[in-house]
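Worksheet: one structure, shown below.
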Amino acid sequence: MRVKRNSIHGQWSSRWAFILAATGSAVGLGNIWRFPYITGTYGGGAFVLVYILCVLLIAMPIMMAEIMLGRRGRRSPINTMYVLAEEENLNRSWSYLGWLGVVAGFLILSFYSVVAGWTLDYIFRAGSGAFTNVADTAIVSIFDGLLASPERLMVTHSLFMALTVIIVSMGVQSGLERAVKFLMPALFILLVIMVGYAMATPGFKEGFAYLFEPDFSKLTGEGMLAAMGQAFFSLSLGMGAIMTYGSYLPSNASIARTTFSIAVADTCVAILAGIAIFPLVFSYGLQPNSGPGLIFVTLPIAFGQMPYGQIVGTGFFVLLLFAAWTSSISLLEPAVAWLVENRDMSRPRAAGLAGLIAWILGIGSVLSFNDWQDIRLFDKTYFDIMDYLTSNIMLPLGGLLLAIFASWQMPRSSSVDELKIGHGLGYQTWRFLVRYLAPLGVLTIFLNAIGLI
Ligand code: PHE
């Protein structure tokens with residue numbers, strides 16, 4: 001008989017609290033900043049379609065697997081993988097998968113914090129009316145000016161990292177849970193207002209068509225890899241964040257239903273952000289493929305021209321900051337949980353140490369927009385490399401291995417026992433997806449992107 005475990009870090013107060021926290025982790029800069037800019041880079045509609053297919057067929061089944069493993073192991077990903085491997089008499093090296101996740105978490109957080117810093121900067125700019133009634137070109141220069149200043153980027157990067165460390169220090173319930181409860185719905189409402197505004201602009205039709213009319217001639221292997229990477233990034237999968245949150249999930253909560261709610265909420269926010277942004281891109285004659293700065297240029301132009309734009313704009317960046325905050329804490333949590341478990345550190349110390357590592361790694365991203373702009377590998381800056389390596393390689397690879405562990409290594413009886421959806425059609429569909437479709441899907445997209453198939 002297996003002993004019932006509880007996490008030493010505490011537990012969510014309910015299934016609902018878990019959904020909020022996991023949605024808080026999923027919804028972030030990935031939806032509002034990254035989704036539109038990557039969609040623009042890879043040509044729109046066909047990319048969006050592949051993205052949605054990746055969410056449904058690859059990411060959702062893997063998310064169920066990740067939550068399931070977390071709840072069964074009840075520890076940080078490194079120790080969860082170790083304990084589960086031990087329990088099922090499997091190779092203990094599976095714990096390295098936990099390490100891969102911790103490293104990916106540091107790398108993502110390092111550049112995530114820099115972009116969240118832009119948001120912080122923009123709160124003050126929008127608040128002081130810097131965007132109101134100025135020419136589009138002036139707004140472009142505001143963004144370029146920000147990127148050109150390492151000092152300003154460092155200040156906001158440091159501030160944001162400090163905010164992340166503070167919440168993680170406070171622990172599972174008091175820190176993580178409280179932050180998400182009303183901020184998520186507020187963000188959603190503001191996004192709907194922005195969509196309303198976008199609908200009234202002349203570029204609405206063109207923007208809408210850009211998002212939803214697939215032009216497959218624009219879809220490359222590289223674009224498909226980016227769509228899959230975005231699905232992992234946006235749903236916080238493949239690096240142990242959701243596994244860690246799953247380890248705090250009460251035993252009686254339904255993993256299938258929670259996964260569904262999180263994925264739907266996350267996808268809706270990304271699509272809404274797309275519908276809010278692309279019409280503006282076309283209305284103002286901007287380029288959809290203008291890269292990471294896309295929302296930091298389009299949205300301020302809109303805020304500058306709409307009624308009450310100063311208030312709406314400030315509110316928007318405040319909420320975006322919160323969305324980023326509830327995601328960044330989940331990037332740090334796996335490493336912190338491990339430090340508390342294995343290094344006997346107090347939570348605040350562990351959070352401080354982990355935050356410091358990510359902060360140092362982030363300095364490279366700060367400099368890649370100015371002093372280190374010309375230091376490139378395959379034409380990518382340090383920031384581009386961090387972003388590409390984590391989203392397109394580490395997360396899908398982590399997800400692939402998790403899927404293999406959960407469905408090929410762990411016996412069927414263990415997943416039946418933990419998922420609690422019986423042996424019926426639901427379970428069989430899940431098992432088919434994680435066992436065959438998801439791993440083959442990830443592999444095919446990998447091989448296709450490097451030109452092997
Ligand atoms: N899902 C988050 C977002 O969309 C980012 C993230 C990735 C968080 C991986 C945790 C793990 O912004």
Side-chain angles (χ1 to χ4, degrees), residues 19-39 51 54-55 59-60 62-63 66-67 70 76-77 98 100-119 160-161 164 167-168 176 179-180 183-184 187-188 191 226-246 259 262-274 292 295 319-337 354 358 386-399 402:
I19 293 185
L20 279 174
T23 309
S25 164
V27 175
L29 295 172
N31 307 60
I32 294 167
W33 159 71
R34 201 172 187 279
F35 175 76
Y37 109 71
I38 299 276
T39 301
Y51 171 75
C54 286
V55 168
M60 277 174 65
I62 291 184
M63 181 180 253
E66 204 177 320
I67 300 174
S76 68
L100 175 73
V102 166
V103 172
F106 279 127
L107 299 184
I108 297 176
L109 183 56
S110 76
F111 71 83
Y112 203 84
S113 166
V114 174
V115 178
W118 303 349
T119 308
F160 183 78
M161 195 63 82
T164 304
I167 296 281
V168 175
L176 311 191
V180 264
L183 296 167
M184 284 292 130
L187 179 71
F188 199 80
L191 213 49
M228 175 174 72
Q230 175 63 19
F232 278 94
F233 187 90
S234 193
L235 289 170
S236 309
L237 291 181
M239 51 74 60
I242 289 293
M243 189 191 283
T244 310
Y245 277 18
T259 296
I262 299 161
V264 168
D266 187 73
T267 308
C268 285
V269 173
I271 300 283
L272 281 177
I295 69 154
L319 291 172
L320 185 56
L321 178 74
F322 275 104
W325 200 5
T326 56
S327 301
S328 64
I329 55 183
S330 73
L331 284 161
L332 205 55
E333 183 65 20
V336 170
M386 290 294 135
D387 183 42
Y388 188 93
L389 181 72
T390 49
S391 308
N392 292 5
I393 300 170
M394 294 175 88
L395 299 184
L397 185 67
L402 282 171

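Just so you know, ligand 1 is whichever comes first in the structure, and atom 1 is the first atom listed for that ligand.
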Derivation of the side-chain hydrogen bond (donor to acceptor under 3.5 Å, both in side chains) call for S25 and S236: CA-CA 7 Å; S25 164; S236 309; 2.8 Å; yes

Taking [atom] as the reference point, the nearest protein heavy atom with its distance:
atom	result
atom 4 (O) of ligand 1	A26 O, 2.8 Å
atom 2 (C) of ligand 1	S25 O, 3.2 Å
atom 9 (C) of ligand 1	S236 CA, 3.5 Å
atom 5 (C) of ligand 1	F233 O, 3.6 Å
atom 12 (O) of ligand 1	Y112 OH, 2.5 Å

Please check whether [X] reaches ligand 1 - meaning an N/O of the residue sits under 3.5 Å from an N/O of the ligand, judged on distance alone.
X	result
L29	yes
S234	yes
A241	no
L235	no

Please check this pair: side chain of [X] against backbone of [Y], looking for a donor-acceptor N/O pair closer than 3.5 Å.
X	Y	result
T390	D387	yes
Q230	Y51	no
S391	A226	no
Y245	G240	no
N31	G28	yes
S328	W325	yes
S76	A337	no

Ligand 1-proximal atoms of R34, by part, heavy-atom distance under 4.0 Å: neither

Whether F232 lies under 4.0 Å from ligand 1, heavy atom: no

Aromatic plane relationship, W33 with W118 - under 30° parallel, 30 to 60° tilted, over 60° perpendicular: perpendicular

Give the atoms of ligand 1, by number and element, whose distance to some non-hydrogen atom of [X] is under 4.0 Å.
X	result
G28	3 (C), 4 (O), 12 (O)
M239	11 (C)
N31	4 (O)
L331	8 (C), 9 (C), 10 (C), 11 (C)
G30	3 (C), 4 (O), 12 (O)
S330	8 (C), 10 (C)

Candidates V168, T164, I167 - the one meeting side chain to side chain contact (heavy atoms under 4.5 Å, CB included) with E333: V168

Any T326 side-chain heavy atom under 4.5 Å of L20 side chain: no

